[in-house]
Amino acid sequence: MAHSCTCSFHTRDDVPLTSSFLARWEEERYTDGVKWKFLEHKGPVFAPLYEPLPDHVKFYYDGKRMKLSPDTEEVATFFAKMMDHEYTTKEVFRKNFFKDWRKEMTSEEKSKIIDLKKCDFTEMSEYFKAQSEAKKQMSKEEKQKIKEENERVLQEYGFCMMDKHKERIANFRIEPPGLFRGRGDHPKMGMLKRRVRPEDVIINCSKDSAIPKPPPGTKWKEVRHDNKVTWLVSWTENIQGSIKYIMLNPSSRIKGEKDWQKYEIARRLKLCVERIRNQYRDDWKSKEMRIRQRSVALYFIDKLALRAGNEKEEGESADTVGCCSLRVEHINLHPELDGQEYMVEFDFLGKDSIRYYNQVPVEKRVFKNLQLFKENKQPEDDLFDRLNTAILNKHLQELMDGLTAKVFRTYNASITLQQQLGQLTSREFNVAAKILSYNRANRAVAILCNHQRAPPKTFEKSMQNLQTKIDAKKHQLLDAKRELKSAKADAKVAGGGGRAVESKKKAVHRIEEQLMKLEVQATDREENKQIALGTSKLNYLDPRISVAWCKKWGVPIEKIYNKTQREKFAWALDMADEDYEF
DNA sequence: CTGACTACTTAGTATGGATCAC
DNA sequence: GTGATCCATACTAAGTAGTCAG
């Protein structure tokens, strides 16, 4: 079986007979950036139209009832639905919302509604709460009916034909209108995210396919036939002016193949990473500032798995940074800290405004360089003023074909998993203990990549419940042991009562197993409080490492990957044996 | 070299159905 | 059967990185 995905290229038409014998990810690919030859789909599903509120749900301005025009009312409901969230109290959110809301008002409404503080949305808010409560209380039959309708829509719009395969579409529903809530301190929070109409939508499909029909009385913005891209539908969103796409599910051939290729590039990095490391160490001594900055940045990306850090337009989004966009204020230099020399203290907001905080010892040369980069600069100045991601990636491309900054994250994540699995798994372990080892290895990667989550709201309670269970199990074990003891005594006296002793022994053993399982579970959960494992599992860890580990240690793959994940990693399940090495 | 534009991957969270304990 | 808890999934924001024109 081919283990490289850079094998020779032929068009699919050259090999019509082989396709039925090959798994999809083994089929030959197209050349020249062609992604498909045939693409047919039904277009997007639009958000349901706005239904005006019943008359008894009133809006009050300055204490007086006010009937709102449908457009104004709709935007008001967006706010009403969010009132339990803290951010509706934030000044930026309220200001942006009010400004956009006023744009939807009739001139009459505009002249009356001039102060958000005087708006009373409580009846609307209560109404929606009651609605969602009622939805929960629906009968089985009603729920079943909704489920069936969803299934029908999924069957009609949720799949497409790409070349010879029926593929699942990831997000076939167009995002509904609402109030934008960015992550972190977003300057645009509260702005109105406009309803997308067919006239905003571009359809992409092949010429010889059945072109999707726009809803009656409407037109698409454009129908195009671009087989150099993978998307089916796109539209421009009004908050940032960026393009949104409808694309295929991760289980699709086109995504799976790309994923496979990503890990193959990371494996090629493994083969030359020592050379690259020697090179950037050497470059720390360069007489050129730009090269010193480049080499120190690359060192951080490699050692700490930092993101590249593209430039962002100021004021368009939250103030976050990655490696190349680090500012002087984001690192503190300590010649000595807690007995360690040359310590760098990082403190900045990364992607999704997740805080990155770390204290790391670095080589003396790196430390001296950082002092140099900070010299004569203000806190808000760029640390690497002679560097950006384009420069860095251009350099990386010269070091290895296909190498970019993000490949280091993939490489270091996957190699860490492999190493940790090797260190943490033991033959002695039962399946539960092996899974704990896996989760710990996964966790090491999540920590490296700084994948955090808010501690679950119910965390403390669920921890307590688990502890209660453990205590109960311990008592149960004591009881069982006592019973075993007395059974042994009885057997000695009466003779021939060995059967009772055997069954009591078994009971003790069973309870011990159960207790261990609970304790393992508690450890796992505690260690996982603020760490999200899913992101690395889905995006950074070569799935073949996990497949091989499962095979080697006799752990069912279902314990590691759920159904969706097995679908996404179908290519890896199929091709990795227990000897696979990343 | 810069900025605009495009395509695609990576990210955390809300949600609601499934599953569990009682 | 019922309520609590868990878990998968949907959602969509926020990154990376390439291309192209000026």
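Reminder, nothing fancy here: chain letters follow the sequence lines and each chain counts from 1.
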Legend entry - Aromatic contact, A:F569 with A:Y561 (centres under 6.0 Å): yes
Legend entry - Length of the line joining A:K135:NZ and B:dG16:C1', which is rounded to integer Å: 9 Å
Inset, instruction - Could you tell me whether A:E51 atom CD has more than 12 heavy atoms of other residues or ligands within 6.0 Å of it? - result: no
Inset, instruction - Determine: side-chain N/O of A:R409 to OP1/OP2 of B:dA11, distance under 4.0 Å, yes or no. - result: yes
Inset, instruction - Measure the distance from CG on A:N249 to P on B:dT9 and round it to the nearest whole Å. - result: 12 Å
Legend entry - Within 6.0 angstrom of A:Q155 CD, more than 12 heavy atoms from elsewhere: yes
Legend entry - Residue A:R168, side-chain atoms from C-beta onward, closest of C:dT12, B:dT6, C:dA10: C:dA10
Inset, instruction - Could you tell me the separation between the CZ atom of A:R355 and the P atom of B:dG12, rounded to a whole number of Å? - result: 16 Å
Legend entry - Protein-nucleotide distance (A:H85, atom NE2; B:dG12, atom C1'), rounded to Å: 13 Å
Legend entry - Atom pair distance, as rounded to whole Å: CZ in A:F180 and P in C:dT12: 12 Å
Inset, instruction - Looking at every strand, decide which applies to A:K394 at a 4.0 Å heavy-atom threshold: base, sugar-phosphate, or nothing. - result: nothing
Legend entry - Position toward the 5' end of DNA chain B (nearest nucleotide), A:I243 or A:S132: A:I243
Legend entry - Atom NZ of A:K99: over 12 foreign heavy atoms under 6.0 Å: no
Inset, instruction - Verify the neighbour count for atom NZ of A:K270: are there more than 12 heavy atoms of other residues, nucleotides or ligands below 6.0 Å? - result: yes
Inset, instruction - Would you mind classifying the nucleic acid contact of A:P176 as base, sugar-phosphate or nothing, using non-hydrogen atoms under 4.0 angstrom? - result: sugar-phosphate
Inset, instruction - Kindly say whether the aromatic ring centers of A:F180 and A:H186 come within a distance under 6.0 Å. - result: yes
Inset, instruction - Considering just the side-chain nitrogens and oxygens of A:H451, establish if one lies under 4.0 Å of OP1 or OP2 belonging to B:dA11. - result: yes
Inset, instruction - Check salt bridge (charged side-chain N to carboxylate O under 4.0 Å, His left out) between A:K193 and all other residues, then give those that pass, not counting sequence neighbours. - result: A:E175
Inset, instruction - Using atom NZ of A:K255 as one end and atom P of B:dT9 as the other, report the distance to the nearest whole Å. - result: 4 Å
Inset, instruction - Please check the phosphate of C:dA13 (OP1 and OP2 only) for any side-chain N or O of A:K188 closer than 4.0 Å. - result: no
Inset, instruction - Quick one: label A:A454 by what it contacts on the DNA or RNA (base, sugar-phosphate, nothing), any heavy atom closer than 4.0 Å. - result: sugar-phosphate
Legend entry - Residue A:K312 excluded, over 12 heavy atoms near NZ under 6.0 Å: yes
Legend entry - Atom CD of A:E86 with >12 non-hydrogen neighbours under 6.0 angstrom: no
Legend entry - Between B:dT9 (C1') and A:N171 (CG): distance, integer Å: 13 Å
Inset, instruction - Looking only at side-chain atoms of A:I354, point me to the closest of B:dG12, B:dA7, C:dC11. - result: B:dG12
Legend entry - side-chain N/O A:K563 vs C:dA8 OP1/OP2, d < 4.0 Å: no
Inset, instruction - Find which nucleotide of DNA chain C each of A:R173 and A:N562 is nearest to by heavy atoms, and output the residue with the more 5' nucleotide. - result: A:N562
Legend entry - Pair A:F300 and A:F346, ring centroids less than 6.0 Å apart: yes
Legend entry - A:F172 and A:Y157 aromatic centres sub-6.0 Å: no
Legend entry - Options B:dA7, B:dT10, B:dG12, nucleotide nearest the side-chain atoms of A:N539: B:dT10
Inset, instruction - Let me have a per-nucleotide readout for nucleotides 15-22 of chain C, 5' to 3', with B, S or -, counting only protein heavy atoms under 4.0 Å. - result: SBBS----
Legend entry - OP1 or OP2 of C:dA14 under 4.0 Å from side-chain N/O of A:Q240: yes
Legend entry - 5' precedence on DNA chain B between A:R453 and A:K568 (nearest-nucleotide basis): A:K568
Inset, instruction - Determine: side-chain N/O of A:K193 to OP1/OP2 of C:dA13, distance under 4.0 Å, yes or no. - result: yes
Inset, instruction - Round to the nearest Å and state the distance from A:Q530 atom CD to B:dT13 atom P. - result: 11 Å
Legend entry - Contact pattern, 5' to 3', of nucleotides 17-22 of chain B - B, S or - by protein heavy atom under 4.0 Å: -S----
Inset, instruction - Ignoring backbone atoms, establish whether A:Y245 has a side-chain N or O less than 4.0 Å from OP1 or OP2 of B:dT9. - result: no
